[in-house]
Amino acid sequence: MIFKFPKKKIVLECFTHNAAVHKFFPITAARHHLPKWFKKIPQEITIVDDNGIEYPQPTFRRCDGFTRLFNNGWVLPMWCDMKIETDEDGAWKYRVSDIVDNTSPAIWTHSEAQLGNNFPDHIHLKINVPWYIREKTGVYFHYSQNTWGIKEHWDYLTVVPGLINYKNQSAAHINMFLKRGIKFIIEHNTPLVHCIPLSESKLEIKNYLVTQQEYKQLHSENTFMFSFLGRYKKMLKLNE
């Protein structure tokens, strides 16, 4: 794969038809989502050595790897509360505090056969995200879990990573694996996903509120199954 590293500004255009989602839970730069626990850590602490001498020592608050991470990319926050329950036999169910889109379920899954039956201790679920995204240069984004921002879910939830671009597809659905036999709530504004462009170009994020008809058109462009197999790669050729 040849990655594109555009020199000009990367403009991420995000579309939703839900006014509340647009107003209260927009897609924004990662720097706006520094974890609260991180902000509470002092930048330095005082250490006393064996001779009783006090000296300053830096804390995790000064970690360059962490701060650079949150100075790049964008974060997708949850737009409502979502309760999920899984059983030991692989069954699952959920409840959302509000239904964002009546035309499709809030959560669905791929069959175990599609995944090669490689995850016997986990359940795969996919959260239907009420945003469609466009970006004209075709730059790839590292789409992954916002690990530092969801430490309360570490024991049972994993958002799986991938490389995607938003020139050839616009969906931002959240693929995750859950342990069996758990009950938990993902609260609104939980920053589940952190996406970083594989480029040093400046990133600009624009959120748009569109009509249901406009949103339906975006949905059709991204979900129309014109081929049984290899639809995404065939779509790349259509967009050349």
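Hydrogens, waters and symmetry mates are skipped; everything else that's a heavy atom, side chains included, is used.
- Between the side chain of N168 and the backbone N or O of N165 there is no donor-acceptor pair closer than 3.5 Å.
- Around atom CD of Q212, no more than 12 heavy atoms belonging to other residues, nucleotides or ligands sit under 6.0 Å away.
- The two residues W131 and P26 have their closest heavy-atom pair at CZ2-CA, 3.9 Å.
- Between L163 and H142 there is a side-chain heavy-atom pair separated by less than 4.5 Å.
- In this structure a side-chain-to-backbone donor-acceptor pair under 3.5 Å is present from T137 to V139.
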Could you walk me through whether I133 and F141 pass the side-chain contact (heavy atoms from CB on, under 4.5 Å) test, one step at a time? CA-CA 12 Å; I133 301 173; F141 289 81; over 6 Å; no
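- Residues N18 and W79 are not in side-chain contact: their nearest non-hydrogen atoms beyond the backbone lie 4.5 Å or more apart.
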Intermediate values then yes/no, side-chain contact (heavy atoms from CB on, under 4.5 Å), L69 and I196: CA-CA 8 Å; L69 179 69; I196 299 176; 3.5 Å; yes
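- Within the 4.5 Å cutoff, the side chain of Q145 has heavy atoms near those of the L157 side chain.
- R134 places a side-chain heavy atom less than 4.5 Å from the side chain of L218.
- The environment of K126 atom NZ is dense: over 12 non-hydrogen atoms of other residues, nucleotides or ligands sit within 6.0 angstrom.
- Remark: R61 CZ to Q43 CD distance equals 5.5 Å, nearest 0.5 Å.
- The neighbour count for R62 CZ, taken as heavy atoms of other residues, nucleotides or ligands under 6.0 Å away, is above 12.
- In this structure, the side chains of F15 and E214 stay at 4.5 Å or more apart for every pair of heavy atoms.
- The distance from the CD1 atom of I164 to the CD atom of Q169 is 5.5 Å, given to the nearest 0.5 Å.
- Note on I45 and V48: separate hydrophobic clusters, where clusters join Ile, Leu, Val, Met, Phe, Trp and Tyr whose side-chain heavy atoms are under 4.5 Å apart, directly or indirectly.
- Considering all non-hydrogen atoms of both residues, L76 and A172 come closest at CD2-O, 4.0 Å.
- Taking CD1 from I185 and CD from E85, the interatomic distance works out to 9.5 Å, rounded to the nearest 0.5 Å.
- Taken from CD in E13 to CD in E204, the straight-line distance is 9.0 Å, to the nearest 0.5 Å.
- Side-chain atoms of T211 and Q213 form no donor-acceptor pair, as typed in the model, at a separation below 3.5 Å.
- No side-chain donor-acceptor contact under 3.5 Å links H22 and N207.
- Formation of a donor-acceptor pair under 3.5 Å by the W154 side chain with backbone atoms of T147 is found in this model.
- V75 and Y140 sit in two unconnected hydrophobic clusters of ILVMFWY residues. Membership requires side-chain heavy atoms under 4.5 Å apart, directly or through other members.
- A donor-acceptor pair under 3.5 Å links the side-chain atoms of H173 to the main chain of V129, judged by distance alone.
- Heavy atoms only, all atoms of each residue included: T86 and I123 are closest at CB-CD1, 3.5 Å.
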Test side-chain contact (heavy atoms from CB on, under 4.5 Å) on H122 and T158 and set out the steps. CA-CA 10 Å; H122 295 79; T158 299; over 6 Å; no
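- Residues that satisfy the side-chain contact (heavy atoms from CB on, under 4.5 Å) test with F24, not counting sequence neighbours, are A20.
- Of all the heavy atoms in Y143 and C195, the pair that sits closest is CD1-SG, 3.1 Å.
- When hydrophobic clusters are built by joining Ile, Leu, Val, Met, Phe, Trp and Tyr residues whose side-chain heavy atoms come closer than 4.5 Å, directly or via intermediates, Y94 is grouped together with M78.
- Counting only distance, with no hydrogens or angles, the side chain of D49 and the backbone of G52 share a donor-acceptor pair below 3.5 Å.
- In this structure, W37 and W148 have tilted ring planes: the angle between them lies in the 30° to 60° band.
- Counting only distance, with no hydrogens or angles, the side chain of T16 and the backbone of P130 share a donor-acceptor pair below 3.5 Å.
- Taking both residues in full, the closest heavy atoms of A30 and H194 are given as CB-NE2, 3.4 Å, listed atom of the first, atom of the second, then distance.
- Between N175 and H110 the shortest side-chain heavy-atom distance falls below 4.5 Å.
- The two residues Y166 and L12 make their nearest non-hydrogen contact at CD1-CD1, 4.2 Å.
- In this pair, F177 and F119 present their aromatic rings tilted. The plane angle is within the 30 to 60° band.
- Under the 4.5 Å side-chain heavy-atom criterion for grouping Ile, Leu, Val, Met, Phe, Trp and Tyr, Y156 is connected to I84 within one hydrophobic cluster.
- Atoms CG and OG1, on L115 and T109 in that order, are 7.0 Å from each other to the nearest 0.5 Å.
- Residue S144 holds its OG atom at 11.5 Å from CG of L192, rounded to the nearest 0.5 Å.
- Within 6.0 Å of atom CD1 in I47, more than 12 heavy atoms from other residues, nucleotides or ligands are found, so the atom counts as buried in its surroundings.
- The hydrophobic clustering, which links ILVMFWY residues whose side-chain heavy atoms are closer than 4.5 Å, places V159 and I107 together.
- For D155, there are no side-chain contact (heavy atoms from CB on, under 4.5 Å) partners at least two apart in sequence or on another chain.
- Taking the six-membered ring where tryptophan is involved, the planes of Y132 and Y215 are tilted, since the angle between them lies from 30° to 60°.
- Counting only distance, with no hydrogens or angles, the side chain of D89 and the backbone of A91 share a donor-acceptor pair below 3.5 Å.
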